[in-house]
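Report on the structure given below.
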Amino acid sequence: MRAYNFSAGPAALPLPVLEQARDELVEWQGGASVMEVSHRGRDFMAVAERAESDLRDLLAIPPGYRVLFMQGGATLQFAAVPMNLAAPGAAADYVHTGHWSERAIKEARRFADVAVAADAAASGYTTVPDAAALRPRKGAAYLHYTPNETIGGVEFPYVPDTGDVPLVADMSSTILSRPIDVSRFGLIYAGAQKNIGPSGITVVIVRDDLARGAREGTPSVLDYRAVAEAGSMLNTPPTFAWYFAGLVFQWLKREGGLAQMARRNQAKAEALYAAIDASSFYSNPVAKHCRSWMNVPFRLAKPGLDKTFLAEADAAGLTNLAGHRAVGGMRASLYNAMPIEGVRALVEFMAGFERRYG
Ligand code: PMP
């Protein structure tokens with residue numbers, strides 16, 4: 001029996017995709033699994049090409065952008081971004097909205113002259129800076145932000161306008177949750193293990209003019225131009241993760257694409273926030289206009305009951321609801337693979353728990 005899995009990542013994957021991968025696991029195309037054939041063979045090349053073209057369809061990626069499948073997670077992109085987009089010591093601007101933007105800033109300081117263009121610290125990272133406050137420095141190589149902070153549950157309700165300065169986004173926990181206008185971005189990156197597939201593969205969408213070659217000394221597997229020229233096969237890629245991501249893209253198209261995902265995700269998030277707001281036992285600290293659709297952190301009025309809550313939820317088939325170890329409390333992640341039924345079951349469980357212990 002599969003539980004409703006609220007993990008923040010690696011997160012629940014769509015059941016039909018898991019089933020398809022299971023059915024094809026031992027014998028895929030011609031007597032071997034997808035993990036046992038050359039990445040340069042005809043069969044796998046077709047997988048790679050289809051994955052890219054489906055992702056281009058889903059996100060309506062305009063011409064003039066490269067789609068790369070890389071390794072090392074979003075964390076390696078924290079370094080790859082300045083190594084590719086900024087000359088040594090060049091100005092690079094960052095927006096600080098919580099844990100993951102802080103990690104990106106810390107890594108970038110090793111490679112560039114980083115300035116924090118806006119910092120939501122005064123709110124305890126429960127809101128995002130006003131659009132008008134986001135002014136990159138003149139001549140900055142780029143402005144980096146984190147559209148969805150996975151731990152804080154804070155999501156930008158707007159795309160920053162940075163004028164001529166390229167906008168870079170860590171979309172790890174929001175990509176594919178709704179349509180976006182890719183043309184607003186110079187570069188988008190995302191680790192796979194939330195809305196794309198298993199961990200081990202990282203999607204990078206980069207405007208051609210930003211993939212002209214990394215700074216001297218950059219390992220070639222991190223150089224966007226080198227990776228693009230090699231069709232993301234400069235070395236052996238994580239073939240199973242790539243294949244699986246491709247199946248997820250096909251599933252998303254069958255389900256009606258990102259407009260449909262947006263409707264579902266909004267309905268799921270609204271149902272959970274409404275239950276939290278209607279109760280005096282549960283609370284969510286994030287300003288209403290920037291509450292995440294993907295990650296919903298909440299606290300119990302009696303934190304002494306956290307362990308009991310988690311144990312009883314687990315027994316009811318609602319798993320991985322513990323908040324990030326850095327902040328405690330609870331967190332329900334509602335990526336594309338979480339059905340509305342899972343959210344309804346959680347809301348019902350929460351109401352019952354409140355009646356028994358509140
Ligand atoms: N950025 C964000 C927004 C994330 O949620 C995460 C992982 N939870 C990361 C970066 C780090 O990703 P990875 O572990 O793939 O390096």
Side-chain angles (χ1 to χ4, degrees), residues 5-13 68-83 94-110 114 120 125-126 128 142-157 159-160 167-178 180 185 187-205 219 221-222 232 237-238 240-242 244-245 248 265 269 286 290-297 320-338:
N5 171 12
F6 294 91
S7 171
L13 293 164
L68 312 179
F69 291 87
M70 297 178 69
Q71 301 184 50
T75 303
L76 199 53
Q77 294 303 316
F78 293 165
V81 167
M83 292 176 96
Y94 279 71
V95 184
H96 187 176
T97 47
H99 180 93
W100 290 110
S101 46
E102 185 175 347
R103 291 275 302 270
I105 290 166
K106 208 169 157 206
E107 188 73 351
R109 285 197 197 285
R110 306 176 61 214
V114 168
Y125 299 108
T126 58
V128 299
Y142 59 88
L143 181 130
H144 177 286
Y145 83 119
T146 311
N148 185 66
E149 285 281 0
T150 321
I151 296 175
V154 176
E155 181 149 26
F156 275 77
V159 175
L167 181 62
V168 174
D170 171 4
M171 288 205 188
S172 294
S173 51
T174 184
I175 195 165
L176 299 176
S177 67
R178 74 202 76 186
I180 52 167
F185 299 87
L187 187 146
I188 291 166
Y189 64 91
Q193 62 271 20
K194 294 127 181 1
N195 259 343
I196 295 174
S199 59
I201 197 156
T202 313
V203 167
V204 175
I205 301 165
V221 291
L222 288 186
S232 300
F240 184 77
W242 199 338
F244 200 106
V248 170
N265 289 327
V286 179
C290 50
R291 282 174 163 180
S292 170
W293 288 2
M294 295 285 101
N295 312 97
V296 182
N320 294 309
L321 283 161
H324 189 273
R325 60 185 190 284
V327 293
M330 307 298 155
R331 173 176 50 172
S333 293
L334 313 177
Y335 301 116
N336 290 340
M338 173 60 62

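Atoms within each ligand, like the ligands themselves, are counted from 1 in listed order.
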Nearest to [atom], what protein heavy atom do you find, and at what distance?
{"atom": "atom 12 (O) of ligand 1", "answer": "Ala74 CB, 3.5 Å"}
{"atom": "atom 1 (N) of ligand 1", "answer": "Asp170 OD2, 2.6 Å"}
{"atom": "atom 8 (N) of ligand 1", "answer": "Lys194 NZ, 3.0 Å"}
{"atom": "atom 14 (O) of ligand 1", "answer": "Gln193 NE2, 3.6 Å"}
{"atom": "atom 3 (C) of ligand 1", "answer": "Thr150 OG1, 3.3 Å"}
{"atom": "atom 16 (O) of ligand 1", "answer": "Thr75 OG1, 2.5 Å"}
{"atom": "atom 11 (C) of ligand 1", "answer": "Trp100 CZ3, 3.4 Å"}

Answer whether the closest heavy-atom distance between the side chains of [X] and [Y] falls below 4.5 Å.
{"X": "Met171", "Y": "Ile180", "value": "yes"}
{"X": "Ile201", "Y": "Phe240", "value": "no"}
{"X": "Ile151", "Y": "Arg331", "value": "yes"}
{"X": "Val128", "Y": "Tyr145", "value": "no"}

Sole candidate of Asn195, Thr146, Asn295 that passes side-chain contact (heavy atoms from CB on, under 4.5 Å) when paired with Ser173: Asn295

CA sep, side-chain torsions, deciding dist, call: Arg109, Lys106, side-chain contact (heavy atoms from CB on, under 4.5 Å): CA-CA 5 Å; Arg109 285 197 197 285; Lys106 208 169 157 206; 6.0 Å; no

Check: Asn148 N/O within less than 3.5 Å of ligand 1 N/O: no

Heteroatom distance test (Thr146, ligand 1): nitrogen or oxygen, under 3.5 angstrom: no

Heavy-atom donor-acceptor pair, Glu155 side chain to Trp293 backbone, under 3.5 Å: yes

Distance filter under 4.0 Å to Gly73 heavy atoms, resulting ligand 1 atoms: 15 (O), 16 (O)

Interfacing atoms of ligand 1 (cut-off 4.0 Å, heavy-atom, Phe78): 10 (C)

Contact partition for Tyr189 relative to ligand 1, non-hydrogen atoms under 4.0 Å: neither

Rounded distance (nearest 0.5 Å) linking atom CZ of Arg178 with atom CG of Asn265: 7.0 Å

Sub-4.0 Å heavy-atom approach of Arg103 to ligand 1: no

Ring centres under 6.0 angstrom apart (Tyr142, Tyr94): yes

